[in-house]
Chemist: 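Questions regarding the structure given below will be posed in turn.
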Amino acid sequence: MGSVMDYVMMELRLLRQTLGLSQEEFGRSIGYSASHVSSVETGGRSLTPDYAVALDRAYDPAFREGEDGRFGRMLRELSEFDPHWLREWIEYEQQAKLLRWYEPAFVPGLLQTEAYARAMFTTDILPPADVDQRVKSRLARQAILTREAAVPLVAVLDVMVLRRQVVGQPGVMAEQVAHLVKMAELPHVQILVVPEEAGIYPGLQGGFILATLGDGSMVTHLDHQVRAQVVNGADDLATLQRTWEAVRGEALPRRQSLDLIKKAAQTWT
């Protein structure tokens, strides 16, 4: 049985194909580029409220302004799996000119293997279909690191991220750390490691992501026990930028970090 996201993407493709329109023609009819249409149809971009309204305004004969149309209703169903804050953040990820990610506990989502992501979501005791959907969504987001106009990423990890095992699945970390080595060798990806010698340092209380957008503005993503949120308040951003500088100051340089990651990879083989 397919996920809600699979169903929505199928409906989006079916609508366009039934109309006999190319992605460029379809995009022009709703005010979006062909590449945006393609990305939404394949799950690389999220279905946003604005996109749903544009679809319904153009192609739902029963649509009324201020009310949900066909795709607006689908978006409500989809929100059970990708809540509003996540859809909003995915848009920022897509538009970012630079991502800076600090993570003291886990491998950052953009750098996770499928097996590692699946292990993380499985610990939430989710139904298998929901796990499949969340893993698929996470892997789709990683396309921003491999597309033609790739987003530069600077990730700072606490060394314990490289050492924390996935209980009962020894091969998962071997594959995951090997993947980090591969990603760290990309010219637009820096993975820096805070070594054990740093002891207690600012930032250990929680990870965060800073996204710099095309106009120079910044937004951040914070993940808490109960929920995650997108933050763009000036005071909060200033605090997180200071924290980022402190965390990065504790990290090893790029080459030394890569050497440490490679040594960690050897311990998992």
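Worth knowing before you read on, the calculation uses all heavy atoms, side chains too, and leaves out hydrogens, waters and symmetry mates. Nothing fancy with the numbering, it's 1 onward along the sequence. Computed from a prediction, not measured in an experiment: that's the story for all the values here.
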Chemist: Charged N to carboxylate O under 4.0 angstrom, Glu25 versus Arg16?
Modeler: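 No.
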Chemist: Evaluate the salt bridge (Lys or Arg N to Asp or Glu O under 4.0 Å) criterion for residues Glu114 and Arg138: first the C-alpha distance (whole Å), next the side-chain angles of each, then the deciding distance (0.1 Å), finally the verdict.
Modeler: CA-CA 9 Å; Glu114 180 177 352; Arg138 176 157 295 181; over 6 Å; no
Chemist: Would a distance-only check, ignoring hydrogens and angles, find a side-chain to backbone donor-acceptor pair under 3.5 Å from Trp268 to Leu162?
Modeler: yes
Chemist: Output all residues satisfying side chain to side chain contact (heavy atoms under 4.5 Å, CB included) with Gln266, sequence neighbours left out; order by chain, then residue number.
Modeler: none
Chemist: Kindly give the heavy-atom pair with the smallest separation between Ser29 and Tyr59, and that separation in Å.
Modeler: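 Minimum heavy-atom separation between Ser29 and Tyr59: OG-OH, 2.6 Å.
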Chemist: For Phe63, which fellow cluster members are found when Ile, Leu, Val, Met, Phe, Trp and Tyr are connected by side-chain heavy-atom distances below 4.5 angstrom, either directly or through intermediates?
Modeler: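 Besides Phe63, the hydrophobic cluster comprises Val53, listed by chain and residue number.
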Chemist: Side chain to side chain contact (heavy atoms under 4.5 Å, CB included) with Ala178: which residues, sequence neighbours excluded?
Modeler: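 Result, side chain to side chain contact (heavy atoms under 4.5 Å, CB included) vs Ala178: none returned.
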Chemist: Within the 4.5 Å heavy-atom criterion, are Leu15 and Phe71 side-chain neighbours or not?
Modeler: yes
Chemist: Using a distance-only test with no angle check, is there a side-chain donor-acceptor pair under 3.5 angstrom linking Arg118 and Gln169?
Modeler: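 Arg118 vs Gln169: no donor-acceptor pair found between side chains.
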Chemist: Within the side chain of Ser217, is there an N or O that forms a donor-acceptor pair under 3.5 Å with the backbone of Leu213?
Modeler: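 Between the backbone of Leu213 and the side chain of Ser217 there is no qualifying donor-acceptor contact (under 3.5 Å).
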Chemist: Please identify each residue that fulfils side-chain hydrogen bond (donor to acceptor under 3.5 Å, both in side chains) with Arg254, with sequence neighbours left out.
Modeler: none
Chemist: Quick one: list whatever passes side-chain hydrogen bond (donor to acceptor under 3.5 Å, both in side chains) with Gln23, sequence neighbours left out.
Modeler: Glu41
Chemist: For residues 183-209, tabulate all N or O donor-acceptor pairs below 3.5 Å that involve a side-chain atom, not counting sequence neighbours.
Modeler:
{"from": "His188", "atom 1": "NE2", "to": "Leu145", "atom 2": "O", "distance (Å)": "2.7"}
{"from": "Glu196", "atom 1": "OE1", "to": "Arg163", "atom 2": "NH1", "distance (Å)": "3.0"}
{"from": "Tyr201", "atom 1": "OH", "to": "Tyr102", "atom 2": "OH", "distance (Å)": "2.9"}
{"from": "Tyr201", "atom 1": "OH", "to": "Asp158", "atom 2": "OD1", "distance (Å)": "2.7"}
{"from": "Gln205", "atom 1": "OE1", "to": "Gly203", "atom 2": "N", "distance (Å)": "3.3"}

Chemist: For Glu24, does the CD atom sit with more than 12 other heavy atoms under 6.0 Å from it, leaving out its own atoms?
Modeler: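 Counting other residues, nucleotides and ligands, CD of Glu24 stays at 12 neighbours or fewer.
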Chemist: Report yes if some heavy atom in the side chain of Asp60 is under 4.5 Å from a heavy atom in the side chain of Leu55; otherwise report no.
Modeler: no
Chemist: Check the surroundings of atom CG in Asp215: do more than 12 heavy atoms from other residues, nucleotides or ligands lie under 6.0 Å from it?
Modeler: yes
Chemist: Which atom names give the shortest non-hydrogen contact between Leu111 and His179, and what distance separates them?
Modeler: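 Nearest heavy atoms, Leu111 then His179: O-CD2, 3.1 Å.
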Chemist: Work out which heavy atom in Gln112 is nearest to a heavy atom in Gln176; give both atom names and the distance.
Modeler: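 Between these two residues, the closest heavy atoms are CA-OE1, 3.3 Å.
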Chemist: Centres of the Tyr51 and His36 rings: under 6.0 Å?
Modeler: yes
